[in-house]
2 protein chains.
Amino acid sequence: MGTSPVFPADCPSRTVLEVLANKWALYVLAALRNRPCRFNELRRILQGVTQKMLSQTLRALERDGLIRREVYPTAPLRVEYSLTDLGVGAGKLTSAIGDWSKQHAREILAARGEYDQRADAAPHPVQSVGRYQA
Amino acid sequence: MGTSPVFPADCPSRTVLEVLANKWALYVLAALRNRPCRFNELRRILQGVTQKMLSQTLRALERDGLIRREVYPTAPLRVEYSLTDLGVGAGKLTSAIGDWSKQHAREILAARGEYDQRADAAPHPVQSVGRYQA
DNA sequence: CTGGATCCGAGACGATACTG
DNA sequence: CAGTATCGTCTCGGATCCAG
């Protein structure tokens, strides 16, 4: 099984995974874990997202049954997004990734810096097997 | 705190997260959890990836210190990719997402089907001008 | 306030050819 | 085998305007 496909191309889980493999989807799920949110609320919480991407992301997540969209026909109209049971499960996982990212951001950024530096100083392809640990 | 940003825009963890928020990165990490792999080996295992995207993904992951690239200057040349300690940690998380996807693929696909059907039969909201994937 | 529609540039991505 | 280089396509994503 070592050489068999990890996720066969025709595997339905791929299409699922590809919805999650999106930074805004990750952020949305993380944000909604706290509590239901309205559209512009999410926009503020997810700094940097454009209306279009947020809209797209929300629709995609709703389509897959991860979030629920509820419209309250009140005066200025009110739309609230919240996690479904399915979304709660997904949110745990995506939040775990977020936590991990925060936790290891420093070392990863350091590795990134080293790599870039090494790349600069290597006009010829780097091919030493031993990692020359600076 | 409910309204505060989940991942502030200037937060370094965003750049980390965005490397993981990529389907091929997820697949690569999942694949390498089993054992180290060579380039074309990965290509076969990750069905559907082009050499370009695989190459890009591997370099990005290497840059962030999640995978290690070792070159053995043997006869037909041999390059092996493996997880670093950091990559092992990340792999656990991404595999968890993969497992979850497989586990819930059925219900998600069902939700997707319902949603699309509903969308078809809903001339109410707005004129049926645009729906992705016509 | 919640979002859809549209235009547009930048980058993703695929296919092919070529190098070591 | 393990890539890089180049090119063309196409989708992503941002900005703006507009409607319910």
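Order of the sequence lines sets the chain letters (A, B, ...), proteins ahead of strands, with each chain counted from 1.
The shortest distance between the side-chain N/O atoms of B/Y81 and the OP1/OP2 oxygens of D/dC1 is not below 4.0 Å. Here B/R38 does not reach the OP1 or OP2 of D/dC1: none of its side-chain N or O atoms lies under 4.0 Å away.
Closest contact between the side chain of A/P76 and the listed nucleotides D/dC1, C/dC1, D/dG14 involves C/dC1.
Panel note: side chain A/R38, backbone A/E80; no donor-acceptor pair is recorded below 3.5 Å. A donor-acceptor pair is defined here as one N or O able to donate and one able to accept, closer than 3.5 Å; such a pair exists between the side chain of A/Q47 and the backbone of B/A9. In terms of modelled atom types and a separation under 3.5 Å, the side chain of A/N22 and the main chain of A/W24 share a donor-acceptor contact. With A/T84 contributing its side chain and A/G87 its backbone, the two residues share a donor-acceptor pair below 3.5 Å.
A/R69 comes within contact range of the sugar-phosphate backbone alone, with a heavy-atom separation under 4.0 Å but no base atom that close. Across all strands, A/R78 comes closer than 4.0 Å to no nucleic acid atom at all (heavy-atom distances).
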Apply side chain to side chain contact (heavy atoms under 4.5 Å, CB included) to residues A/V28 and A/Y81 and explain how you reach the verdict. CA-CA 10 Å; A/V28 166; A/Y81 296 91; over 6 Å; no
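Regarding B/E41, its CD atom lies at a distance of 8 Å from the P atom of D/dA2, rounded to whole Å. If you measure from atom OH of B/Y72 to atom P of D/dA2, you get 12 Å, rounded to the nearest angstrom. Rounding to whole angstrom units, CG of residue B/N40 and P of D/dG3 are separated by 9 Å. Going from atom CG of A/L54 over to atom P of D/dA15 covers 14 Å, rounded to whole Å. The CG atom of B/N22 sits 12 Å away from the P atom of D/dG13 (whole-angstrom rounding). Whole-Å rounding puts the B/I67 CD1 to D/dA2 P distance at 14 Å. Atom-to-atom, NZ of B/K23 to C1' of C/dC13 comes out at 10 Å; the value is rounded to the nearest Å. Rounded to an integer number of Å, the gap from CE of B/M53 to C1' of D/dC12 is 13 Å.
Cation-pi geometry between A/R69 and A/F39 is not satisfied (NZ or CZ under 6.0 Å from the ring centre, within 45° of the ring normal). For the pair A/K23 and B/F7, the cation-pi test (distance below 6.0 Å, angle within 45°) is failed.
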Atom pairs, protein N/O to nucleotides 4-11 of chain D N/O, distance under 3.5 Å:
| residue | atom | partner | partner atom | Å |
| --- | --- | --- | --- | --- |
| D/dT4 | OP2 | B/S55 | OG | 2.8 |

